[in-house]
Amino acid sequence: MQLRIALFVRNKVMIKLNRRIAALKPSATMAAEARATEMKEKGIDVISLAAGEPDFDTPERIKAAARRALDEGRTKYTTVSGVTDLKKAIALKLRRDNHLDYEIGEILATAGCKQAEANVIAALFDEGDEVIIPTPAWVSLAAIVGLSGAVPILVPCPEGNGFLLGPDELKKAITPRTRGIILNSPSNPTGAVYSASHLAEIAKVALDADMWVLSDDVYEHISYDGLPAHIFTVEPRLRSKGIVFNSLSKTYAMTGWRIGFAAGPKEAIAAAARLQGQNSGNPNSITQYAAIEALTGPQDDVRAMAEEFRARRSIVVDRVRALPGFRLPHIPPGAFYAFPNISGLIGKTLRGRKIEHGDSFAAIALDEARVAMVGGNDFGAPDHVRISYAASRENLNAAFDRISELLKKLD
Ligand code: GLU
């Protein structure tokens, strides 16, 4: 016992971690999904609407390309920034989908979009630089900015404005230390999409302030009114201080393969590639060949998955709106999340447990209804919960049946 206490004290007190890592919270999305997985492994029947992960299998044409790559022995290191054919495929995709022209030297392939964001942000910003993040925002953005030493400046975008950042709100957030802004359209977690005219207004403010514009386009193909406008197409002058981030995870149901990319000015991309060369190296070689097929092959599977998400969105919107205490005024125009406000439930209790915010509701829903979702706190919107509808229609309906039953039990 004595020894145990001593070890505990030692862990708590004597291990001195790096200051930024010590302050780093676990990713709320990853943690919610891990809790659901842990319960499933114990045999508990949990329905997970937590992770932003398509439930579809990766399309066969992409898996076949990976098998070919294995058979051909593509199992060695590649250039850190990715094989040339992959960078050509990424350039083709940027031209085809976004009308943006990038050269091979302006592209960095990465192990998922997170790595692209982490390496580029670390390469661009310094201690004390300010990077604006309109919120609600994906949980890892502020963490990634903070790890670089820069300061995330969270700018709340009210639900009444469709969770979109207005140009005046952006102007107000700018200080002499502002160096960049991260936009994510369609947005995780709100599904909000910026129109071309709205982007033009944001672009004007960003140009005037001479800041970097980082555009996270991960959900672009899950957008129910066509491909969203791209800020660098709307305002090409931003290109010289602009970075595109994207991933194949959502578009091609390839979350586990870990492949994403960044595109931007050569010097910035080369700096991020230098960092990647020191801290990890090339993204998985087999995945790179699968990604070439994903990006350059027939895109019907992408459209089919997006259509299924559209059908699921209708189910989710109807069912969320039928739940007492939930509010979802806007039909999300993109991504596969609903982000309802649950403030109508705050103060209610279940067997002595009080709902204080979205996170406590999510915890109760997991324990009592066996439905996993993510509380809104780390997205910057504590009165909300994020419900992913990247789950089968059957599971969605069953999950909402469970939540309805749970709500009847609240005091
Ligand atoms: N981006 C997805 C989500 O928000 C996957 C998990 C993560 O990277 O955060 O759930």
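In what follows, every heavy atom counts, from backbone to side chain, and hydrogens, waters and symmetry copies are set aside. Whatever order the structure lists ligands and atoms in, that order sets their numbers, starting from 1. This structure is a prediction, so every number in the text was calculated from the model and none was measured.
Per-residue contacts place Tyr337 under 4.0 angstrom from the following atoms of ligand 1 (heavy atoms of the residue considered): 2 (C), 3 (C), 4 (O), 10 (O).
Between Ser140 and ligand 1, no pair of N/O atoms sits closer than 3.5 Å. Not a single N or O atom of Ala51, backbone or side chain, sits closer than 3.5 Å to an N or O atom of ligand 1.
Within the structure, ligand 1 lacks Phe336 among the residues with a heavy atom less than 4.0 angstrom away. Assignment of Glu33 to the shell around ligand 1 is not supported, since no heavy atom sits closer than 4.0 Å.
Counting heavy atoms only, Lys250 comes closest to atom 1 (N) of ligand 1 of the residues Lys250, Met30, Lys114, Glu53.
Taking the ring axis of Tyr224 as reference, the NZ or CZ atom of Arg313 stays within 45° of it and closer than 6.0 Å to the ring centre. By the 6.0 Å and 45° rule, Arg67 does not stack over the aromatic ring of Tyr289.
Looking from atom 6 (C) of ligand 1 to the surrounding protein, the closest heavy atom is Thr29 OG1, 3.5 Å.
In this structure, Glu293 CD and Arg61 CZ are separated by 5.0 Å, a value rounded to the nearest 0.5 Å.
Only the side chain of Asn188 comes within 4.0 Å of ligand 1, judged by heavy-atom distances.
Aromatic ring centres of Phe245 and Phe261: separated by at least 6.0 Å.
Side-chain atoms of Ser81 and Lys87 form a donor-acceptor pair, as typed in the model, at a separation below 3.5 Å. At a cut-off of 3.5 Å, with distance as the only test, a side-chain donor of Gln299 or Tyr252 sits close to an acceptor on the other residue.
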